Amino acid sequence: MNVVLTAALQSRFAPLPKNMHIIFCIIATVVFLALYLRKRKIGDLLWLFVCDLPLILQFYGDSRTATVVGVCEVILLVAIFVFYLQDRKAAKNQASDDPESGGDSGNADDLKDIEQAVKVERSKLAGNDADDNVISQAFDGYNP
């Protein structure tokens, strides 16, 4: 009876066959280690543990182990999300500080250039005579 219960719990908590699960964990380990070595982000190591931790359920199929693994998985996923938000915020701050990457300070200079170009084109269209300039005459009687 205990063997049937253990097999039922194991299939419920770790639905992949043992050999396929081991192969999946090996592939995930290689991929996430390569990502970590390339980018040096702690989130890649956390993803490695998230993928490999359920392998424990192939060997220990009791409900306590499944609960502990589940809680650890949730904690790791929350940590991954927190590191993602921190990386995203740091990238956003770096983009706004670096004018060559298209940050806010670079856009202000671009807008000044565009405003100057518009003024030059308007003066060409309206001519140099102040009487013919409709735009400049629009607010002649207005004193704020």
Side-chain angles (χ1 to χ4, degrees), residues 5-144:
L5 182 61
T6 303
L9 287 175
Q10 185 174 357
S11 66
R12 186 175 77 187
F13 295 130
L16 291 176
K18 190 180 291 187
N19 293 336
M20 187 185 294
H21 200 160
I22 291 171
I23 291 170
F24 170 76
C25 288
I26 290 170
I27 293 170
T29 300
V30 169
V31 168
F32 286 116
L33 277 177
L35 284 172
Y36 175 74
L37 293 174
R38 183 172 178 227
K39 296 181 182 181
R40 298 286 184 198
K41 291 188 178 182
I42 193 74
D44 295 329
L45 286 178
L46 294 177
W47 274 114
L48 180 132
F49 291 124
V50 166
C51 289
D52 288 348
L53 195 61
L55 186 62
I56 295 172
L57 297 175
Q58 291 288 355
F59 303 103
Y60 303 101
D62 61 317
S63 61
R64 285 185 184 169
T65 305
T67 303
V68 170
V69 168
V71 169
C72 290
E73 292 273 328
V74 169
I75 291 170
L76 287 170
L77 290 172
V78 168
I80 289 169
F81 185 68
V82 168
F83 280 117
Y84 167 75
L85 290 178
Q86 288 175 349
D87 289 343
R88 188 172 161 191
K89 186 176 179 181
K92 187 176 179 182
N93 288 342
Q94 182 182 10
S96 66
D97 291 343
D98 187 15
E100 292 193 18
S101 67
D104 293 336
S105 59
N107 288 338
D109 292 337
D110 292 342
L111 290 177
K112 289 179 183 176
D113 293 341
I114 292 172
E115 288 175 7
Q116 184 64 27
V118 168
K119 286 179 184 178
V120 168
E121 291 299 318
R122 281 186 180 167
S123 67
K124 288 180 185 177
L125 289 174
N128 292 334
D129 191 9
D131 296 332
D132 294 337
N133 192 347
V134 175
I135 295 173
S136 64
Q137 292 176 2
F139 300 106
D140 280 346
Y142 181 71
N143 291 324

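Only a predicted model underlies this, so the values are computations on that prediction, with no experimental measurement involved.
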Determine the minimum heavy-atom distance between A66 and L57, stating which atoms define it.
-> CA-CD2, 3.6 Å

Which pair of heavy atoms, one from P54 and one from E73, lies closest together, and at what distance?
-> CD-OE2, 3.2 Å

Distance from D87 atom CG to I42 atom CD1, nearest 0.5 Å?
-> 10.5 Å

Spatial distance of atom CZ (F24) from atom OG1 (T29) [nearest 0.5 Å] | 9.0 Å

How many angstroms lie between atom NE2 of H21 and atom CG of D52, to the nearest 0.5 angstrom?
-> 8.0 Å

D44 and K39: which non-hydrogen atoms are nearest, and at how many Å?
-> OD2-CB, 4.3 Å

Calculate, to the nearest 0.5 Å, the distance between atoms CD1 and CZ belonging to I80 and F49 respectively.
-> 10.5 Å

Would you say the side chain of L45 lies within less than 4.5 Å of the side chain of L33, judging by non-hydrogen atoms?
-> yes

Taking the side chain as every heavy atom from C-beta outward, state whether V68 and R64 have any pair of such atoms under 4.5 Å apart.
-> no

Just wondering, do L77 and W47 contact through their side chains at under 4.5 Å, heavy atoms?
-> yes

Looking at Y36, is R38 sitting on its ring face, NZ or CZ under 6.0 Å from the six-membered ring centre and within 45 degrees of the normal?
-> no

Search all heavy atoms of L48 against all heavy atoms of A28 and return the closest pair with its distance.
-> CD1-O, 4.5 Å

Spacing of M20 atom CE and Q58 atom CD [to the nearest 0.5 Å] = 10.5 Å

Shortest non-hydrogen pair, L53 vs L76, comes out as CD2-CD1, 4.4 Å

Return the minimal non-hydrogen interatomic distance between C51 and C25, and the atom names on each side.
-> O-SG, 3.7 Å

